[in-house]
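For reference, the structure is listed below as structure tokens.
Just so it is clear, the values below take in all heavy atoms, side chains as well, and ignore hydrogens, waters and symmetry mates.
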Amino acid sequence: MNKNHDPQLRVLYILLIPIVLLIIILNTGFLQKTLPAARVHGHSYTVVRYNYYYFDYYNTFLEENELRLDELGYDPTVSDSTQYTAEGTTWKDYFIRQAEANMAETAYYLDLAEAAGYVFTENDLMPIAEKLDANAAVMASNYLSAQNFYTAFYGQGMTEAIYTAELTRAVKAQAYKQYLIRQSEPTEADIAACIAASGIPDYRTANLRVITLEPVPDRETGLVGQEQWDALGLKLSRLEARYGAGESFEALQTAFSTCALGDRSGVLTDATRLDLPDGLAAALLFGADAAERPAGSTITGVDEDAGYAYFVILDGWGGSGPEREAALTLGSEALQAEQQAAIDAGYTVTRLRIGMLLATV
């Protein structure tokens, strides 16, 4: 080596050291776990916590719109900052706005719940375990460790513990929001006007106990085809036979149900048509013999559109379905208006420049 080049190489080496160290630190996730990226109503969010909301919305968007991305004008293989929505904003800005709206909403309802001293029930928190189980299934099918999964889907620095903590906050916020909607008491005049405007058909709500079964995807392809649906139908028949032979609903529900409907015990109270898959609602609430169906009767079916099979016991009829629907609709609209006013007044998201350099990546 020419010794005349040594000083230049030493200078280059010295200049590269901080860059290499920065890359190493970024890959450990230390800065992402430490640097604040945003503040909401006095609450500080690190880059990793911010990324939970960003990638939670982004991943859900891709999953729900998998078959219509071209129609929406979105290409996940192209930079989000260089492609535009129909409204003229970049997709990156769109995802950020939606993520921050969810972040602000979560902070708002958690503050309300804390101020009210609300005690979350087991059923309120059920979606936490369901989501973690779904994540575990993805890990198993793709042979991913938890570390690799959460880093791949939620960015550097994300761990299962951080993810679970933020997921818990989001689930609690939505649970309290739904509680407030159920507690709303619109006037009879408003309910009547809502029913008339919406054209809700007349029916009674139903009190149910439900067992839901889901098909097991093919081991090789991971897909659900006719063979899997046929197998699910046979499993449902065996479940019916066991119930008919005297096995208790509670034992069968514990052993078989995926809890896609109802709470952890399979209970669904004052169910409206909106709480049920279309096929079940049509048969149970609007079928030719719906009015005469006695308490204790059962109804079963395989619903490929809903994605599961169901075994339902009718415990009894409730009140007016249209009135219940209208009350929930009016309660949701009123709460949404209050929420937006409160967020505009004090729950706007303030981005912090340095932290945001590492966010959403």
Side-chain angles (χ1 to χ4, degrees), residues 36-46 48-54 56-57 60 97-132 161-191 194 205 207-208 259-272 274-275 318-321 323-350:
R39 291 194 184 96
V40 182
H41 199 68
H43 302 286
S44 180
Y45 291 78
T46 61
V48 174
R49 291 184 65 200
Y50 185 98
N51 279 351
Y52 167 85
Y53 293 93
Y54 180 84
D56 181 67
Y57 184 85
T60 301
R97 285 201 314 273
Q98 299 301 320
E100 290 182 351
N102 291 342
M103 185 187 302
E105 180 176 304
T106 296
Y108 171 64
Y109 284 108
L110 284 177
D111 283 351
L112 287 183
E114 182 179 1
Y118 182 78
V119 178
F120 291 94
T121 67
E122 181 181 359
N123 289 327
D124 287 337
L125 304 179
M126 186 167 62
I128 299 170
E130 291 175 347
K131 182 60 177 176
L132 292 176
I162 296 173
Y163 173 90
T164 302
E166 213 58 47
L167 171 66
T168 300
R169 285 170 46 81
V171 168
K172 284 183 173 180
Q174 288 305 306
Y176 190 64
K177 180 178 182 178
Q178 293 306 312
Y179 167 78
L180 292 177
I181 291 173
R182 293 193 302 271
Q183 295 300 113
S184 64
E185 297 182 350
T187 66
E188 292 184 6
D190 287 342
I191 288 175
C194 181
T205 63
N207 299 316
L208 312 170
C259 298
L261 290 174
D263 61 17
R264 280 200 177 276
S265 300
V267 174
L268 193 57
T269 303
D270 276 334
T272 71
L274 305 180
D275 297 316
S320 167
E323 288 182 7
R324 181 63 175 162
E325 279 191 44
L328 293 174
T329 297
L330 292 169
S332 178
E333 290 174 352
L335 190 66
Q336 198 67 31
E338 292 177 11
Q339 168 190 315
Q340 195 57 55
I343 288 177
D344 290 343
Y347 282 83
T348 54
V349 176
T350 301

Distance in Å, [X] [atom1] paired with [Y] [atom2], rounded so as to fall on 0.5 Å steps:
X: Asn51; Y: Asp56; atom1: CG; atom2: CG; value: 11.5 Å
X: Leu330; Y: Glu185; atom1: CG; atom2: CD; value: 13.0 Å
X: Thr350; Y: His41; atom1: OG1; atom2: NE2; value: 12.0 Å
X: Leu335; Y: Leu112; atom1: CG; atom2: CG; value: 8.5 Å

Those residues at least two apart in sequence (or on a different chain) that pass salt bridge (charged side-chain N to carboxylate O under 4.0 Å, His left out) with Arg324 are none
Applying salt bridge (charged side-chain N to carboxylate O under 4.0 Å, His left out) to Glu325 and not counting sequence neighbours gives Arg273
Asn102-Gln98 side chain donor-acceptor pair, cut-off 3.5 Å
no
Who pairs with [X] by side chain to side chain donor-acceptor pair (under 3.5 Å), at least two apart in sequence or on another chain?
X: Glu338; answer: none
X: Asp111; answer: His43, Tyr347
X: Thr46; answer: none
X: Tyr57; answer: Tyr94

Residues two or more places apart in sequence or in another chain: which of them pass ring pair (Phe, Tyr, Trp, His ring centres under 6.0 Å) with Tyr163?
Tyr52, Tyr150, Tyr154
For Tyr179, the ring pair (Phe, Tyr, Trp, His ring centres under 6.0 Å) test, sequence neighbours excluded, returns Tyr118, Tyr176
Listed by chain and number, what are the side chain to side chain contact (heavy atoms under 4.5 Å, CB included) partners of [X], not counting sequence neighbours?
X: Pro36; result: Ser44, Leu352
X: Ile128; result: Leu125, Leu132, Leu167, Thr168, Val171
X: Thr348; result: none

Give me the atom names and distance for the closest heavy-atom approach of Pro186 to Gly331.
CG-N, 4.5 Å
Do you know which two heavy atoms are closest between Asp270 and Gly318, and how far apart they sit?
OD1-CA, 3.9 Å
Under a 4.5 Å cut-off applied to non-hydrogen side-chain atoms, are [X] and [Y] in contact?
X: Tyr50; Y: Met103; result: yes
X: Asn207; Y: Leu268; result: no
X: Gln174; Y: Glu105; result: yes
X: Tyr45; Y: Val349; result: no

Just one of Gln178, Gln339, Lys177, Arg169 clears the side-chain hydrogen bond (donor to acceptor under 3.5 Å, both in side chains) bar with Tyr109, so which one?
Gln339
Between Ser332 (side chain only) and Thr329 (backbone N and O only), is there a donor and an acceptor less than 3.5 Å apart?
no
Give a yes or no on whether the backbone of Leu274 and the side-chain of Thr272 come within a donor-acceptor separation of less than 3.5 Å.
yes
Salt bridge (Lys or Arg N to Asp or Glu O under 4.0 Å): which pairs involve residues 119-131, sequence neighbours left out?
Glu122-Arg264
